[in-house]
Amino acid sequence: MTSRPNTNPTGTPTDDFESALETLILESFAEGVAIEGAWEVTPPSSVVPNWRITIEKTDNADTPQDESTFLDE
């Protein structure tokens, strides 16, 4: 993941996390990455918890079936 400038300096860490996650998902989708799935994140340190991340599509948006590039509208 590339670092991004903090565009909301007054946001909470939770707001910043949600914004970064939304950006990652939308940019990945636009690049044709398969987003749905489940991942296990196991940090090398025993003092940091393990995480399970699940991403699933919640609607049936009409997406093109060809390999055209998505453009911002």
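Only a predicted model underlies this, so the values are computations on that prediction, with no experimental measurement involved.
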Q.
If hydrophobic clusters are built from ILVMFWY residues whose side chains come within less than 4.5 Å, do L21 and I53 share one?
A. yes

Q. For V47, what are the other residues in its hydrophobic cluster, where any two members join if their side-chain heavy atoms are less than 4.5 angstrom apart?
A. V48

Q: Could you list the residues that satisfy salt bridge (charged side-chain N to carboxylate O under 4.0 Å, His left out) with E40, not counting sequence neighbours?
A: R52

Q) Which atom pair, heavy atoms only, marks the closest approach of S28 to I35? A) C-CD1, 4.1 Å

Q) Hey, is CD on E36 packed in by over 12 heavy atoms from elsewhere, all under 6.0 Å? A) yes

**Q.** Any donor-acceptor N or O pair under 3.5 Å, side chains S19, D16
**A.** no

Q. Going hydrophobic residue to hydrophobic residue with side-chain gaps under 4.5 angstrom, can you get from I55 over to F29?
A. yes

Q.
What's the separation between atom OG1 in T12 and atom CD in E18, rounded to the nearest 0.5 Å?
A. 7.5 Å

Q) Considering residues, nucleotides and ligands other than W51, do more than 12 of their heavy atoms fall under 6.0 Å from its CH2? A) no

